[in-house]
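Read through the structure below, which is laid out as structure tokens, and then see the notes.
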Amino acid sequence: MCGIIGISSNKSVSASIINSLKKLEYRGYDSAGIATLFEGEIKEVKSEGRVDTLEQNFDLKNLKGNIGIGHVRWATHGKPNSVNAHPHSSHNVSVVHNGIIENSTILKKYLTTKGHVFKSQTDTEVIVHLITENLKADDLEIAITKTLNQLHGSFALGIVFKDIPDLIVGARRGSPLAVGYGPNENYLGSDSYALKAMTNKITYLDDGEFCIIKKDQVLFFNEDGIKINKKILKLSSNEVSYEKGDFKHFMAKEIEEQPITIKTGIKEYIDKTNSEINIYNFPWKISEINSITLIGCGTAYHSCMMAKYWFEELTKLDINIDIASEFRYRKNRFKKDSLYIFVSQSGETADTYAALDLCKRNNMKTCAVVNVIESSIARDANFVLPIHCGPEIGVASTKAFLGQILILYILSLKFGSLRNEINKNTYKDKVKELLNLPSLIEKSLLIDNDIQAISSTFNEVKGSMFLGRGFSYPIALEGALKLKELSYVHAEGYPAGEMKHGPLALIEDGMPVVVLAPRDNYYKKTISNMQEVIARGAKVLLITNKSKDEIISENIWETIEVENTNEDLLPFLLTIPLQKLAYYSALKKGYDIDKPRNLAKSVTVE
Ligand code: M6R
């Protein structure tokens, strides 16, 4: 998953390319590079590391040219170094690529026999030489069509040509790509976010399509190389800030924004006066749905898991959950009365998109719970429930998680009510209690001092565990994911009741174990499991909710109490200390919190 930008203009493009690349760094930050066309030559600069490093290493102000492409990389083939950084160029062609070319080894052998010499270990370089080869015999459009048909795998491409110096070619299969329209210039970008500073007029390429971008014209072609017309969409002007403001990191800002996320979600979906949930334009009759499958990756998968508990509590629907990368290759039993819900912050995650595509090809009902409403998943699902949490820039998902689980909770309540599976008064009470959630989150956020002190312990050990039962189990998994992602500490989330079936062997003197034990139906059971780990030397951080009753255990290392609310809503509050624990633990280690090593915000490769 890399970021691509291309600009064809009547003025120098390098400054705009750099600005856009900085916005695209959430897609990858192993290396960065730019190629421009100037005075009949391809000028290429690239270096390992961030866009800032590229700026430090080269005098980019003097990188001239009115046509250029740029790239930020998340390595798939070949180490993240300057040789493997994009663009990759032959004497005539320069390419930036997001995706994976699956038949690159075979193509490389073929091209080597034709005399092409390869400099990098990337799959992308194969594309460069294949186009160069095909251009020997064919005109541009035919050579591009032929090249794209020879490539297996997924790609979004930006291509410039020394001998055709007035245009950029963009092509898409599997990986997203957008075209933007400006005054005397046009753009190519991995997403509208990268283009937003320059234009709000966008066209998304569909799979198999390619385009030719000149400063005053854009042409679109289908996979057979036949010209097609495409619609121009106007993006909504988004007021939400893309800046860190007074916060040290986007993650810190996004954690603190969670009360607003929940307030906005409530405003969008709840009629406060009548304590009623409104889901407008839902395209199916409730009687047409007897089972739901929720699909996502990473944190979004944890949201699916959380939803399973709520749906099972509030409805009699048959609920399944799946990790997108597993679902897409399994022999699924598609049933007509199933609803498939795809959960994704970015709406561009390749595995989740592939799972959606599979369901669509099997004529299933598809619904997307997404943050980015212009995304591929949002555009292709039958029905969309936006989470409205504004841009989430930190790689670790925080406010999007709470946004996703809010929408899924609201949906489960609505289904329970429409199917008459929860009592009307209980339904109204639960909707009313939801209205207090933003202020409860606000109060639960005021724990920085306690968490800061506790977080050092997690940095000094080789591993930690996060335990929970019932509603708290998905939150334990999410807490463990946050800690390993940010702090590079081994952290394992586990159902507390399963410890005795193996993982208890891991517990040794001083090992930190986070136990989520809110005073719900599972409380006593979880406390017993907690005592079992304390007895084996674990240092337990207990996270529970405030109560007048004392905690029924001894020898707990530290306790954090979140606000009190009903059992359904406690998972929202339990999440907050875990997010802060991971944040402060990484902060103490001096790690790059918004861009943890080896990761990217939007995972657009398999
Ligand atoms: O954009 P998505 O929600 O589809 O992303 C899914 C995962 O890649 C994402 O949640 C990832 O696990 C987060 N970085 C975790 O904090």
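None of the values given here were measured: they were computed from a predicted structure. When a ligand or atom number is given, it counts from 1 through the structure's own listing order. Position 1 is the first residue of the sequence; numbering continues from there.
Remark: the backbone N or O of Ser397 is paired with a side-chain donor or acceptor of Lys482 at under 3.5 angstrom. Without hydrogens or angle criteria, Tyr301 side chain to Val343 main chain gives no donor-acceptor distance under 3.5 Å.
The residues Lys580 and Glu256 are annotated as salt-bridged, a charged nitrogen and a carboxylate oxygen being separated by less than 4.0 angstrom. By the 4.0 Å N-to-carboxylate-O rule, Glu460 lies too far from Lys588 to be salt-bridged with it. A salt bridge links Glu392 with Lys601: the distance from a Lys NZ or Arg NE/NH1/NH2 to an Asp or Glu carboxylate oxygen falls below 4.0 Å.
Shown here for Leu581 and Leu483, the closest heavy-atom pair between the two residues is O-CD1, 4.4 Å. When all heavy atoms of Ile69 and Gly158 are compared, the closest pair comes out as CD1-O, 3.8 Å. Contact record, Thr526 with Ala517: CG2-CB, 3.8 Å, taken as the closest heavy-atom pair.
Counting protein heavy atoms only, atom 11 (C) of ligand 1 is closest to Thr299 N, 4.1 Å. For atom 6 (C) of ligand 1, the closest non-hydrogen atom of the protein is Cys297 O, 3.3 Å. The shortest contact between atom 1 (O) of ligand 1 and any protein heavy atom is with Ser346 OG, 2.6 Å. At the shortest separation from atom 4 (O) of ligand 1 among protein heavy atoms lies Thr349 OG1, 2.4 Å. Distance from atom 8 (O) of ligand 1 to its nearest protein heavy atom, with residue and atom name: Val603 CG2, 3.8 Å.
For ligand 1, the atoms sitting less than 4.0 Å from at least one non-hydrogen atom of Ala300 are 3 (O), 10 (O), numbered in the order shown with element in parentheses. Listed by number with element, the atoms of ligand 1 under 4.0 Å from a non-hydrogen atom of Gln345 are 1 (O), 2 (P), 3 (O), 4 (O). Close approach of ligand 1 to Val395 (heavy-atom distance below 4.0 Å) involves ligand atoms 13 (C), 14 (N), 16 (O). The ligand atoms of ligand 1 that sit less than 4.0 angstrom from a heavy atom of Ala396 are 16 (O). Within the listing of ligand 1, atoms 12 (O) sit less than 4.0 angstrom from a heavy atom of Gly298.
On a distance-only criterion, Thr352 and ligand 1 share no N/O pair closer than 3.5 Å.
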Taking only distance into account, with no hydrogens and no angle test, what donor-acceptor pairs under 3.5 Å do side-chain atoms of residues 366-373 form with protein atoms, sequence neighbours excluded?
residue, atom, partner, partner atom, Å
Thr366, OG1, Asn382, N, 2.9
Thr366, OG1, Asn382, OD1, 3.1
Asn371, OD1, Cys389, N, 3.1
Asn371, ND2, Gln345, OE1, 3.0
Asn371, ND2, Gly390, O, 2.8

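Ranked by closest heavy atom to atom 13 (C) of ligand 1, the top entry among Glu485, Gln579, Glu478 is Glu485.
Of the heavy atoms in Lys482, only side-chain atoms (C-beta onward) come closer than 4.0 Å to ligand 1.
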